[in-house]
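The structure under discussion appears below in the form of structure tokens.
Numbered from 1 within each chain, the chains take letters A, B, ... in sequence-line order.
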Amino acid sequence: VSIIIDGSTRVLVQGITGAQGRFDTRYCLDYGTKIVAGVTPGRGGAEVAGVPVFNTVARAVRETGANASVLYVPAAGVCEAVLEAVDAGIQVILATAENVPRHDAARAVSAARAARVRMVGFNTNGLISPGKCKLGAIGGDKAAEIFRPGRVGVVSRSGGMSPEISSALSSVGLGISTCISMGGDPLTGMRMAEYLRLFEEDEETDLVVLFGEPGTANEREVADALAAGEIRKPVVALIAGSFQEAYPSGVSFGHVAAMITGEVDTASAKRALLARAGATVVGSLEELADAASALAKRELAGSSAAG
Amino acid sequence: VPKLGSLTVRLYDAFCRGDALMLEINPLAVTADNELCLVGTMAEIDDCALGRQPAFNALADDGLVRRFTEGERMVREANERFPGGAVRYSELDGNIGLMVAGGGAGLLQHDMIVAAGGRPANHSDISATPTPDKPAAVFDAIFTNPKAHGLLIGYNYLQMARCDLVIKALLMSMDRNAVDPRRFPIVIRLFGPAEEEARQLAATRPGITYLPSGTGFAEGCRTIVQAVDRIAKKGEAA
């Protein structure tokens, strides 16, 4: 089984009756994701693309056995929606809202973590385990074409870079075990190093590709885990945003989280830390594909030698 | 010191209710009659919460590092007025206008422009929008920025925005600002929904370079850097 989601994941969609909710739900259903329920307060009894809509998450879980929730609830109300999902016993949460006020994000993330819920986002476009399940917009209506099944785990701080990385890997014949857009907001439910630990335990993943940015401690935590020997699978890292070092700190470019607040937050510092800890650090998608290809061959040779 | 406990509680309350990311009291004084006095205070308020903090929002206009430029103010206004995901725009010192998306792909392309010897005139980030108004505001800002001498439109592959809508916004803004792409190079790396329609629209303006489907980020960045260099050299020669 893949990490976080697999073919048996039963999904509900909070905010399914909104434009984005309807749009993504249709593509996810076409992909084969088991979307069993929708929730919009006051719209219980309605249907979206054949999916029954309930007034509350608790009711939807009781009636359909949903264990994962995708939230199309905007920033202003998303904290309450996360708490509702956690209280209803949902195990996996995908929170798409961006620019969530930090105090709200902190409440939602701490509630999810206290309940041991795997929360992806804020500001994520989704995650996909090719051939099994996808949550969120990731891949749109071309998910099957872009994300080929394989043995590379991907975790990206940028939703837009996930398909780019997958396409680059496809060009050298590599496929994806699970690809996660972890979210572009400063606070996310799960951190990059936690995804890498899941990939480390995952029998279907041989190596991991990560896409990082300036700001946050995510990449530093990965370097620490690598240096401590907690992650032994090969890691290829592409970290964008070194241009920011030419400008005053405290300015955010692109993602709100991509803001340098100190020297350790810069793209260059992260590259150096990761390289020192044993990751293969690359500067472009072409280099990323070549490095992953070489490492995959080595893994293959290693496992056949061992077998 | 009496009252320190209740002060701490009140400060925490203010920190939460004000959506602060940081609240610093420095120094805190104890007066001769044992009263507490906040001599210096500093706070950083969460940008993402300004919508529910009208008093702080009114102060936010001054920007964090410097005052907003005319173009930055224009894009901020468009961001509040028109529908669709957030758009961001900050001006820098170089001469290449950037209309890049999404966040990560924008950072990567900015790095690649610098690596190719170019200097961006701004950074930007935009999500999909249902109308051309927000992207047109970014184009307006770039075309009216006196430092900008060229434009790269670089969206990540398989983004969800309709390509024809982005190009409609581009043409709208080119007309408003009388931009001739033969003198102000425009390079487009934009693939995805309604790409064919977008290419037909772009072809109505001679001089626009619309890169072939599948062109890499690095190639798009090199193309705009070279085009802006060529124009600059022509200018020097003349």
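For B:E24, the CD atom is densely surrounded, since the number of other residues' heavy atoms within 6.0 Å is greater than 12. For CZ of A:R191, the number of neighbouring non-hydrogen atoms (other residues, nucleotides, ligands) closer than 6.0 Å is greater than 12.
Note: A:H103 NE2 to B:R52 CZ = 8.5 Å, rounded to the nearest 0.5 Å. Atom CZ of A:F243 is separated from atom CZ of B:R119 by 11.5 Å, given to the nearest 0.5 angstrom. Rounding to the nearest 0.5 Å gives a distance of 7.5 Å between CG of A:N123 and OG of B:S127. From A:R102, atom CZ reaches atom CG of B:L21 across 4.5 Å, with rounding to the nearest 0.5 Å.
Within the 4.5 angstrom heavy-atom criterion, atoms from both the backbone and the side chain of B:D111 approach chain A. Looking at B:F217, the atoms closer than 4.5 Å to chain A (heavy atoms on both sides) all sit in the side chain, from C-beta outward. For B:A218, no part lies near chain A; criterion is any non-hydrogen pair under 4.5 Å.
Taking every heavy atom of both residues into account, B:M112 and A:S284 meet most closely at CE-CB, 3.9 Å.
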Using residues 7-14 of chain B as the side-chain source, report each donor-acceptor pair under 3.5 Å to any protein atom, sequence neighbours left out, with the distance given to one decimal.
| from | atom 1 | to | atom 2 | distance (Å) |
| --- | --- | --- | --- | --- |
| B:T8 | OG1 | B:L4 | O | 2.7 |
| B:D13 | OD2 | B:R17 | NE | 3.3 |
| B:D13 | OD2 | B:R17 | NH2 | 3.0 |

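Judged purely by atom type and a 3.5 angstrom limit, B:H110 has no side-chain atom pairing as donor or acceptor with the backbone of A:G241. No donor-acceptor pair closer than 3.5 Å links the side chain of A:N99 to the backbone N or O of B:C48.
Between A:P214 and B:L107, the closest side-chain pair of non-hydrogen atoms falls below 4.5 Å.
Between chain A and the residues B:V100, B:D19, B:I113, the largest count of heavy-atom pairs under 4.5 Å involves B:D19. The greatest number of non-hydrogen atom pairs below 4.5 Å with chain A, out of B:G216, B:A105, B:G102, B:G106, is found for B:A105.
Among pairs with a residue in residues 184-195 of chain B, those fulfilling salt bridge (Lys or Arg N to Asp or Glu O under 4.0 Å) read A:E164-B:R189, B:E195-B:R199, at least two apart in sequence or across chains.
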